[in-house]
Structure formats: C-alpha cells, structure tokens
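What follows is one structure encoded as structure tokens, with my remarks underneath.
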2 protein chains.
Amino acid sequence: MKRAAPQIRDVAAAAGVSHQTVSRVLNDSPNVRPDTRQQVLDAMERLQYRPNRAARALGLGRAKAVTVVTANTTLYGYAGVLQGVEEAGRLLGLTVGIRVVASDAAADVRNAVEYVGDPSCGNVVVVAFDPAGSGVLRAMPDGLPMVAATEAGGLPGVDRRMIFLDERQAAADATRHLLGLGHRTVHHVAIPSEVRDSARQGGWRAALESAGAAVPEVVPAGWDLRSAHRAGQALAADRAVTAILCGNDDTALAVRRALHEAGRDVPGDVSIVGFDDVPGAAFWTPALTTVRMDFAGLGRACVAALADDGDPVRLDPPSLVIRESTAPPRSR
Amino acid sequence: MKRAAPQIRDVAAAAGVSHQTVSRVLNDSPNVRPDTRQQVLDAMERLQYRPNRAARALGLGRAKAVTVVTANTTLYGYAGVLQGVEEAGRLLGLTVGIRVVASDAAADVRNAVEYVGDPSCGNVVVVAFDPAGSGVLRAMPDGLPMVAATEAGGLPGVDRRMIFLDERQAAADATRHLLGLGHRTVHHVAIPSEVRDSARQGGWRAALESAGAAVPEVVPAGWDLRSAHRAGQALAADRAVTAILCGNDDTALAVRRALHEAGRDVPGDVSIVGFDDVPGAAFWTPALTTVRMDFAGLGRACVAALADDGDPVRLDPPSLVIRESTAPPRSR
DNA sequence: CAACATCGAGCACGCCCATGC
DNA sequence: AGCATGGGCGTGCTCGATGTT
C-alpha cells in the first residue's frame, strides 16, 4: 500500500524533474521555464499533491501563518478584528490561529507570549484593547514579526508597530450633533481605556470646550452590561442630564434600560449615542445613533502590514450615523 | 553566535542524557527514573527550552491542535462555539486554529476541506449550522479526526460524530408559557435550518398541538436582521397575532422593531420570545424572554470528544428564561 | 536464565536552501 | 539560465543495549 499523501519527490518523479524544481514551482521562483513549470503543475494536479505545512514551517524556521492574541473573541470590537484577520489571512493562503490571554496576570501574559514565540505561529497580531492585551504587547520579544491593533493613538511608551482606528473626530461630531440639537451639555459614560485620554473622551471634551459647554465628570463603566447599567442609573437620577455619549453600543443598551427604569424616555427626555454600530443598532427601538467602527478593516490592515506588500490598507475612518435615539431636549 | 532557540539536544547535553530521554520526559513516558526526569526538567528550565511544535507535528504526522471550521465567527452561536473550543483547546495545551468557509459553493467547501486535511491542523471541529458548514462536514474525508457541532438531532444521513444542544424541550416550554399566559396561539419566525423540522419548530408545534391550539404557518427569515424585520412586518400587520416565538434573539430584535413601527407594543399588544439569551437580552427594554443556549459549552464538549479522555462533557440543556417581553394578551 | 526497567543510537518526517554542474 | 544533489530544520519512534531483580 502506498503512502497516504504524495510528497514533493513523488511529484518530481511524475513530472520528470528533481524535487528541487518542484520546490521552486511551489515558491514560484522565477528560474523555472514555463513549460517545466506547467509539467510540474500538471503532476501536482494529477497526484492531488498538497504541501505539508509543518515541514515547510520546520525548514523555513517560521510558518506562513498569522495568529491573533486577544483577551476576548466575542465582544464586538475584538470579534471584528478577528474576523478581519481571518479573512485577510485566508486570502493570502496563511494558516490562521488564535490565542486568548485569560487575564493580565503575569502568568497568563507569559504563557501567551511563549505560545506565539513558537515558529509555527507565524506572524502575530496582538489585540491590545485592554490590560491583558497590552501586557502581552509589552512582553513581546523583539524580532518576532508582529503588529498590534490598539486604541486610537497607540500605546504611549511602547515601541511596536501599532495600527488603530481614530474615532476622535467622530466623537467630537457626535458631541456637536447633540449640542446642535439644543442640549446644554453632553455626559459621557466611558468604557475601559489603556490611555489617559481616550479618543472618545478627547473628542467629546474638545467639542464641549470649544462650544463653551460645561464638561461633566466622566462616568466610568466596565465591559460588562451590569456596570454600564449602574453608570446609567447614576445619570438617570440626575434630571439635568439630557444627553449621554456612551462608550459603546452595549453600554448604550444598559444606559437606555436604566433610563427607562427611571421613567425617562429616549430620545424624548434623554438622547443617547453609542460607539461601534453593531448590526442590531439600526433595529433598536428607537434605532441607535452611533459611531460606526470598522474593526474588520482594522484586522485586515494588520495582516496587510505584516505581509508588507507595500500597499497599506486604507482604514475607513469612524463616522457618526444619526438615527432615532437623539433628538432635541424636551422644552419645558 | 549560538542558535536562538535551544533544542532537545541542548537540553540533553545539559542534563547529561540522550535526546531521546528528553523526548520521553516531554511526552511523559513512564520509563524514566524520577531523578533523571528531574535533571532533565531542571535543564529545560535553565535553558528556557520550548519544544518546537512544527517539528513535533512533522514527526508525529499530525499536530497537537484543534481547528474549527465555520461559516461565521461573529454571530452569537458561532462565536460561542469558537470561544468554547478555544478555551478547552488552550487548557489542553493545543494549538487552536480557525478557518472560515466563505460559502457553500463547491470551491469554497473544497478549499476548506483541503485546508484542514493538512496534518498541522490537528483535530477538527466543524460548525455545521448552515449549508456551508454541513457541506464541509459531508465532504470531509474519512479518517480525519473530527467532530461536528450541529443543530439539535444532528444531520440525518451523515455518518460523523456530531454533538449538539437540544432546545426542543425549551421551545415547547416557551410555547406553553405563552399559551399559559392566555394567548390563543403562538406564531413562529424561523431562522434557517439544515433539517426538515428543527428542534425549535418541532417543540413549538408539539406544544401547540398538544394544547389543541391552531398551528400557524411558519414565517421564514434569514440570518440577517433585514429579513427578520420583513418577517416581523408581515406578522405585525395581522392584528390576530399576539405572541411570537422568534428563531433567535437577533430575530426578536428586528421583529420587535417591526411591531413598534406598526404601533404595537411589546408586551402589551404582542409577546415575543427569542432563542440564545445574548448578553444584552436582559438589558433590553423590555428585557427579553428567551431560551438560554450554552454554545461555549458545546464548543468545549467538541474538544473533549476529540480528546476522548473518557469523560464526556455534560451539556447544559437549553432553558427558558422568563423576563419582560411576555405578558397576558390585552383583554378586549 | 527470564523478565523488566531504563536509556541510547539512528532514522524518518517533508520541505527549503546552498552548492555545484 | 536552468537543473540536480546533499545537508539541515527539531522532533518522535523503532530497535537494541545495558543493568537489575
């Protein structure tokens, strides 16, 4: 009985050339005559040849792969980046892997870094949206081919290639939109951030200041809906609050509920804006005004940067999508 | 200059044993004296040795890995399975990979199958919730270590190991809950299914029939919110409709919006129930009554089945979570 | 002398690269 | 310019050699 999978030497024999020539065809080296190349290609087709990726990785010293290191795979932004990386990697014929960092505890970070140190992981994309991710980013050894997807502006003090979406402008736009509607000021419920002054917060503050509006204290929330709900309750209790810029759409969901529980209508009594534009946002009741973020594009851009094919992917800038959750304040 | 990464032979030299003994320690073979083992372990620690996964895969003929083949990575159920597989795989020290099947077109399916045929992919988990996934499942060559996550009941006529969540009972519970509230019958907006009579639909129909209630025609919808919205519009136009069992929470979102647009209140005029219990469901306004589905558990179970450690993971059965979107019909 | 525990030598895995023709 | 040959990548496995009971 023959070997299950044909290998490069079988193809060589079938094509009447050396295995090295087959290798050249595989890695499309220029030094192969067209007709020779065709013979090899035919032989591959005939034998149903598929190169062994493990062997290739071993020989090359690194796999033709991309693995994403992330603290989460289901939250909208994270899942979007993952989707973009997978898509771009697949189109380039790369193996795509995934590794989650359970937390920012030293042991978890170390394990993740060791994991991607293995050559079979290929290039790595670190999603550094949180302490766990940025911990990995900082601990990453030099010389390892990688790029990080970070918050707007990148991580200060970290000397790594970083790519990001910049929603500062859109945050300002959203704030101005609310102000333009007649709200005296806009409150902000912030999601966790790795930087002092996030783009969302920065754009919001700048818009408020340049309009001469008061800058309320930021209300912090976590990634979980529960904490966002508490933040919403705090704001709902204050009848002076008529407009809230929420850190993301999930936050907006919980804030809206808290408002409802306090008997305050959206957008009748309070206007709310989110960030992300999750697929369901347009189908909310009322439909959510939010800032569209192209996380999949960010993921694709990371892979493109790693492939350094010269052409850097243009990222769609985050943009405000006005729907029904924002309206003029109720006149009294 | 020395080689960057120490290898098994360096460890052997440092420990004063043969490379084979080191290999035995690595694969914890019983035939190594405790003190010898300890010496090897110390040498590994000293040299910061990390086994090369590509080399191991090459020698073994298959990588210690698990890769999930799926048509999607962001929809709730798919992302949940992915999360479960990643978590379980990571805990077992496996490399975890991911490959999406772009569509159920023959070429896409073939490419995906070829991809996972490579030994470096290790064991395979196929998410067969749709035509693309089940296409891959059917095309999978025998002998490849795999298991599929499918809809309840598995795919008829496919001779593969399949694991699934069975929400038939919960679907019946949801229907009875609605009937018990006083609704004369319950309508159903179905999401795509690979089987004739899905568990959701089957449980719904059985509950209706055993209660002697009329069984309305099923309204089909796709995975996208837009089609669910159209389905909702059709139902919203019929004033006789007072209760709707939606294929999933996303569907419920769009149906609820359509109801609202038609001036029908939830749950005042119409009660709705979803499936999934997405994180935001509890924070809807009104909070959504839905059936909790443990997709991450399904993913973990798939990995456990592949590892065949004897202990099959017990799956949490889907269960109805009653919240605010269901109420007695308005008396007239 | 048999049976077992422990360890080592050599080769195979499938590909890529450097060298020489 | 184009092709053939040999060595190396880092493991795990088969087989056999020791020493021990």
Side-chain angles (χ1 to χ4, degrees), chain A residues 2-41 43-44 47-65 93 95 114 117-122, chain B residues 2-41 43-44 47-65 93 95 114 117-122:
Chain A
K2 300 195 122 190
R3 198 192 294 91
Q7 52 180 263
I8 205 176
R9 306 191 118 90
D10 300 325
V11 174
V17 299
S18 76
H19 72 93
Q20 176 52 19
T21 299
V22 177
S23 174
R24 270 189 270 267
V25 170
L26 238 28
N27 301 284
D28 39 44
S29 145
N31 295 349
V32 180
R33 233 179 330 177
D35 56 328
T36 304
R37 177 185 304 276
Q38 194 52 53
Q39 280 176 20
V40 172
L41 256 20
M44 285 182 180
L47 300 182
Q48 288 282 301
Y49 169 77
R50 302 287 169 253
N52 179 308
R53 289 198 288 265
R56 179 187 297 229
L58 188 57
L60 242 30
R62 199 137 250 275
K64 290 191 180 302
T95 297
E114 273 177 15
D118 187 277
S120 72
C121 286
Chain B
K2 299 195 123 192
R3 197 189 297 90
Q7 52 181 261
I8 206 176
R9 308 191 115 90
D10 299 325
V11 175
V17 299
S18 77
H19 75 96
Q20 176 51 24
T21 298
V22 177
S23 174
R24 271 189 269 263
V25 171
L26 238 26
N27 300 286
D28 39 43
S29 144
N31 296 348
V32 179
R33 236 179 330 175
D35 55 329
T36 305
R37 177 187 303 278
Q38 194 51 54
Q39 280 176 21
V40 172
L41 256 20
M44 285 181 180
L47 300 181
Q48 288 282 300
Y49 170 76
R50 303 286 168 252
N52 180 308
R53 290 199 287 266
R56 181 187 296 226
L58 185 58
L60 243 31
R62 200 137 250 274
K64 290 190 181 303
T95 297
E114 274 178 14
D118 186 277
S120 73
C121 287

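Residue numbering restarts at 1 for every chain, and letters A, B, ... go by the order of the sequence lines.
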Phosphate oxygens OP1/OP2 of C:dC7: is one of them under 4.0 Å from a side-chain N or O of B:T36?
yes

Strictly below 4.0 Å: does A:R56 bring a side-chain N or O up to OP1 or OP2 of C:dC16?
yes

Spacing between B:Q20 atom CD and D:dC13 atom C1', to the nearest angstrom:
7 Å

For the side chain of B:T21, counting heavy atoms from C-beta on, which of C:dC15, C:dG8, C:dG10 is nearest?
C:dG8

Does a nitrogen or oxygen in the side chain of B:N27 sit under 4.0 Å from OP1 or OP2 of D:dG12?
yes

Determine the contact category for B:R62: base if any of its heavy atoms lies under 4.0 Å from a base atom, sugar-phosphate if only primed atoms, P, OP1 or OP2 are that close, otherwise nothing.
nothing

Between CD on residue A:Q48 and CD on residue B:E114, distance to nearest 0.5 Å
7.0 Å

Watson-Crick or G-U counterpart of D:dG7, or none if no pair lies under 3.5 Å:
C:dC16

Atom CE of A:M44 and atom CG of A:L26: how far apart are they, to the nearest 0.5 Å?
4.5 Å

As an exercise, state the distance from CD of B:Q20 to CD1 of B:I8, rounded to the nearest 0.5 Å.
7.5 Å

Figure out the CZ/P separation between B:R37 and C:dA5, and round it to whole Å.
14 Å

From C:dC17, D:dG12, D:dC3, pick the nucleotide closest to the side chain of A:H19?
C:dC17

Rounded off to whole Å, could you give me the CG-to-C1' distance for the B:N52 and C:dC15 pair?
14 Å

Any B:S23 side-chain N or O less than 4.0 Å from OP1/OP2 of D:dG12:
yes

Pairwise 5' ranking along DNA chain C for A:V22 and B:D35, keeping only the more 5' one:
B:D35

So if I take every side-chain heavy atom of B:N31 and compare against D:dC13, D:dT11, C:dT6, which nucleotide ends up nearest?
C:dT6

Using a cut-off of 4.0 Å on non-hydrogen atoms, how would the nucleic acid contact of A:L58 be classed: base, sugar-phosphate, or nothing?
base

Please determine whether side chain to side chain donor-acceptor pair (under 3.5 Å) holds for the pair B:D118 and B:S120, giving the CA-CA distance in whole Å, both sets of side-chain angles, and the decisive distance to 0.1 Å.
CA-CA 5 Å; B:D118 186 277; B:S120 73; 2.6 Å; yes

Quick one: the side chain of B:R24 and the base of C:dG8, do they pair up donor-acceptor inside 3.5 Å?
yes

d(CG, A:L60; P, C:dC13) in whole Å
21 Å

Establish, with yes or no, whether the OP1 or OP2 oxygen of C:dA5 is under 4.0 angstrom from a side-chain nitrogen or oxygen of B:R33.
no

The reported gap from NE2 in B:H19 to CZ in B:R24 (rounded to nearest 0.5 angstrom) is 9.5 Å

Please give, in whole Å, the distance from C:dC13 P to A:I8 CD1?
15 Å

Within this structure, what is the OH-to-P distance between B:Y49 and D:dG10, rounded to whole angstrom?
10 Å

Is a donor-acceptor contact shorter than 3.5 angstrom present between the side chain of A:Q7 and the base of C:dC13?
no

Give the minimum heavy-atom separation between B:V11 and B:V40, together with the two atoms involved.
CG1-O, 4.0 Å

As a test of reading the structure: which of D:dC13, C:dC11, C:dG14 is closest to the side chain of B:R9, going by heavy atoms?
C:dC11

Mind calculating the distance between CZ (A:R53) and C1' (C:dC13) to the nearest angstrom?
16 Å

